[in-house]
Structures are given as structure tokens and as C-alpha cells.
2 protein chains.
Amino acid sequence: MNKKIADLNRYLADKGLKITRQREAVAQVFFDTDGHISAEELYIKVSRSYPGVGLTTVYRTLKLLKEAGLAKERRFAEDSQGVFEKEDTARHHDHLICTRCGKIIEFKEPLIEKLQEEVAQKHGFSVEDHKMELYGLCSSCRTA
Amino acid sequence: MNKKIADLNRYLADKGLKITRQREAVAQVFFDTDGHISAEELYIKVSRSYPGVGLTTVYRTLKLLKEAGLAKERRFAEDSQGVFEKEDTARHHDHLICTRCGKIIEFKEPLIEKLQEEVAQKHGFSVEDHKMELYGLCSSCRTA
DNA sequence: CAATAATTGAAATTGATTATCATGTTCTCT
DNA sequence: AGAGAACATGATAATCAATTTCAATTATTG
């Protein structure tokens, strides 16, 4: 699935930026990753397939991916490290987070989104994006 | 409204910790603050009424307030600094955030909460807490 | 009031992220 | 293809928020 790499390259060309081996490496590995990944983790993962790419470049590329609308940064409570995920999966999904074991489940609920729109309108807002996190105990932690 | 100070003192006594002038100062100023405040901002505010209280102590006291269930820490996207708010207002309210001017409006929507419970149950979770943020443009930024 | 244990503030430390800078690469134009 | 200009890279240093350390101080308890 090189469509996203193509999207990135189009964005770069558009901005007068350059297509490099490192950017492609980081982007490729990132797009092959499901769920959330931190810059540090991505750096390690990239290093396995494409050694010699610096952590700094990983940070910089993730920033570009955000600007290009291909990645999304999230910050979970109490977590000092930011995590990234692909923008397409980031869109319209929310998180259930177990406060004991840290397990994170992603879900979608169109009805909630409809209500969000309504609330926003009531306050004169137009919604572009949202983030919802439910904190609680997962079934295994509750019975344990 | 010294009830909360009393709550804090009860918590401290319970844990074998001490009631100090500094803790009371930080707590008092924090409880008199509406909305969100960062540790740094709170430090400045405290320093005006009670000079000589260190930033470290503000951080430590906020941590205690969290443990005592009297404060809640939040982390908004893209914001490196965590912010705190009183637990009573933190409970069951959500945020509308303008992506241009940064304005934050708080709201409640019981229906959304009901749906959250249902979704969680579907995944075997019991909800203890939640966080929801809607990002968009406020009315003035949209027309500007 | 004395002994004990917790607290304080300043400074040092950590961990994540960003800036700097000399060197290397890509793109554009011919 | 080649040269020049502009951008990118990676190592290191710097920054920023938050935490830890530690010697000196203070609250509690008996």
C-alpha cells in the first residue's frame, strides 16, 4: 500500500521539501504499524529495517506526517510520552483504557458522534475532530 | 468554603502526613481557582498571597490533591504542560476547544455518558472516569 | 519540651522533545 | 549529466516540564 507514501511525497513536493530515503523509511514503517506508537518505539522499529536513521529524524518525520494529515498525535493522561497513530484509523475512534493493566481498546460509536455535533452547535462550534477516553477496569482486572 | 481544606487535612492525618502552612496555601489558592491551571501558573498565583512557597512544593501538593481525590490532572493535545482542575468540576464535564484561539468551553451531556456506559459494557469494562474533547472553530473564529 | 518523622526549597537530575550546526543529499536549471 | 542552491541529516547540546536529592526546618506525638 504505497498510496500513503505517494501522499507524503506529494505533500513534500508541494511544500518545496525533499523526498529522502530516511523519510520514506520512517513513513513506511509507521504506516505498517497498527495502533499507537511512540517516537522512541518507532525509532527502534525503523532501526531494525533501516539502520542509521536518527531519532531526531524520526521526530521530524512524525511532525511532517502530522502536518500532512497522515498521522495524529495523542497524549494519554499520566503518560509523559506522546504517541502517534495513522490518521485514517485515528479518525472517529475512541479509547477504552484499563486503569489497572493499561490495556487500550479502540471503538467507534456513531451515535455519540452525532450528539457531539449537536452539543458543539449549541455552543456555536463546528467540530473538526474529537477525542474521547473512557477509563475503567477491564473484565480480567475486575475479576482478578 | 473550607470544607475542602478540611477534606485535605483529614486525608493527610489519615496517611500520617503533616498539615503545613505551604500545603494549605497551595490548596486554598487552587480551590479558589476556576477552570484549568498549570503547576507553574498556580505557583505564581500562590506566590502573590503567600510568598516563599517553592514550585517543587506546588507540584508535590498537586500530587497529594490528586491522591486525595480533590484534583484532577488533564493533558490537552499538543500541550506539553499538564493542567489541573478541581475534582468536583472535573467530574462529568467535557471540553470544546477552539483550534484557532484556544478558547475552552466546558459542557455536560448526560446522554453521551449513558452511551459511554453502554459501549464500555459491551467490551466488558466498568467506567470509572472519562474524558472527551471536541476540537473545532468557535463562532468568532469561524466568522473572522 | 524533646524525639521522631515528615516537609521544605534550592539545586541537581531525569525524560521527552527541539534547536544547532557542520556535513551530506536532493532537486532544479541548463 | 553537472553545478549550485536549498534542504535534510545525525550527533550533540539545549530546553522544558516534572521529579529527585539532600541538608536544614517544622509538625506531631507522647
Side-chain angles (χ1 to χ4, degrees), chain A residues 5 8-30 36-47 49-68 71-84, chain B residues 5-6 8-30 36-47 50-68 71-84:
Chain A
I5 297 286
L8 173 61
N9 290 347
R10 198 171 312 123
Y11 174 83
L12 292 173
D14 212 56
K15 293 275 177 182
L17 304 176
K18 292 170 182 174
I19 296 169
T20 67
R21 164 170 91 266
Q22 291 93 329
R23 282 180 178 159
E24 199 156 325
V26 173
Q28 190 59 67
V29 174
F30 176 70
H36 316 102
I37 191 165
S38 71
E40 202 99 31
E41 289 164 348
L42 183 57
Y43 166 66
I44 292 170
K45 213 171 162 192
V46 168
S47 296
S49 327
Y50 311 86
V53 174
L55 176 57
T56 311
T57 296
V58 172
Y59 271 105
R60 282 191 283 228
T61 304
L62 281 170
K63 195 176 193 173
L64 279 175
L65 289 172
K66 276 198 297 181
E67 288 165 14
K72 189 137 194 49
E73 184 172 5
R74 292 185 182 276
R75 229 164 249 281
F76 292 104
E78 315 282 313
D79 231 350
S80 55
Q81 216 173 167
V83 293
F84 299 80
Chain B
I5 297 287
L8 172 61
N9 289 347
R10 197 172 312 122
Y11 175 83
L12 292 173
D14 211 58
K15 293 276 177 182
L17 304 176
K18 291 170 180 174
I19 297 168
T20 68
R21 163 170 92 268
Q22 292 92 329
R23 281 177 180 164
E24 200 157 324
V26 173
Q28 190 60 68
V29 174
F30 176 70
H36 316 103
I37 191 165
S38 71
E40 202 99 13
E41 289 163 346
L42 183 56
Y43 166 67
I44 292 170
K45 212 171 162 191
V46 168
S47 296
Y50 310 87
V53 175
L55 175 57
T56 312
T57 296
V58 173
Y59 271 105
R60 283 191 284 228
T61 304
L62 282 169
K63 194 176 194 175
L64 279 174
L65 289 171
K66 274 199 298 183
E67 287 164 15
K72 189 134 195 53
E73 185 173 5
R74 289 183 183 279
R75 230 166 249 280
F76 293 103
E78 315 283 311
D79 231 350
S80 55
Q81 214 173 165
V83 293
F84 299 80

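Order of the sequence lines fixes the chain letters, A, B, ..., with proteins taken first and strands second; residue numbering starts at 1 for each chain.
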Return the value, rounded to whole Å, for the distance between atom [atom1] of [X] and atom [atom2] of [N].
X: A:E67; N: D:dA8; atom1: CD; atom2: C1'; answer: 15 Å
X: B:Q81; N: D:dT19; atom1: CD; atom2: C1'; answer: 15 Å
X: A:R60; N: D:dT12; atom1: CZ; atom2: P; answer: 14 Å
X: B:E41; N: D:dA18; atom1: CD; atom2: P; answer: 11 Å
X: A:L17; N: D:dT9; atom1: CG; atom2: C1'; answer: 14 Å
X: B:L55; N: D:dT20; atom1: CG; atom2: P; answer: 14 Å
X: A:E24; N: D:dC7; atom1: CD; atom2: P; answer: 21 Å
X: B:I19; N: D:dT28; atom1: CD1; atom2: C1'; answer: 10 Å

Q | Nucleotide nearest B:K18 when distance is taken to its side chain, options D:dA18, D:dA11, D:dA27 | A | D:dA27
Measure across [X] and [Y] and return the closest heavy-atom pair with its distance rounded to 0.1 Å.
X: B:V26; Y: B:V46; value: CA-CG2, 4.0 Å
X: A:Q81; Y: A:S38; value: OE1-OG, 3.2 Å
X: B:Y43; Y: B:V53; value: CE1-O, 3.0 Å

Q) Want to settle it: does B:Q22 or A:S38 sit nearer the 5' end of DNA chain C, counting the closest nucleotide to each? A) B:Q22
Q) When you match B:V53 and A:T20 each to their closest nucleotide on DNA chain C, which lands nearer the 5' end? A) B:V53
(Q) If you assign each of B:A39 and B:R21 to its closest nucleotide in DNA chain D, which residue comes earlier from the 5' end? (A) B:A39
Q) Closer to the 5' end of DNA chain D via nearest nucleotide, is it B:Y59 or A:T57? A) A:T57
Q | Donor on one side chain, acceptor on other, A:T57 and A:Q22, under 3.5 Å | A | no
Q.
Categorize A:T56 for me: base, sugar-phosphate, or nothing, with a 4.0 angstrom heavy-atom threshold over every strand shown.
A. base
Q.
Tell me the bend of the helix from C:dC1-D:dG30 to C:dT30-D:dA1 as the angle between end helix axes, each from five pairs, rounded to the nearest 10 degrees.
A. 40°
(Q) Does any part of the side chain of A:Y50, heavy atoms only, come nearer than 4.5 Å to the side chain of A:E24, both counted from C-beta? (A) no
Q | Outermost DNA chain C nucleotides near chain B [under 4.0 Å, heavy atoms] | A | C:dA5 to C:dA11
Q: Rounded to the nearest 0.5 Å, what's the gap from CD on B:Q28 to CG on B:L8? Could you check?
A: 10.5 Å
Q.
If I take atom CZ from residue A:F30 and atom CZ from residue A:R23, how far apart are they, to the nearest 0.5 angstrom?
A. 15.5 Å
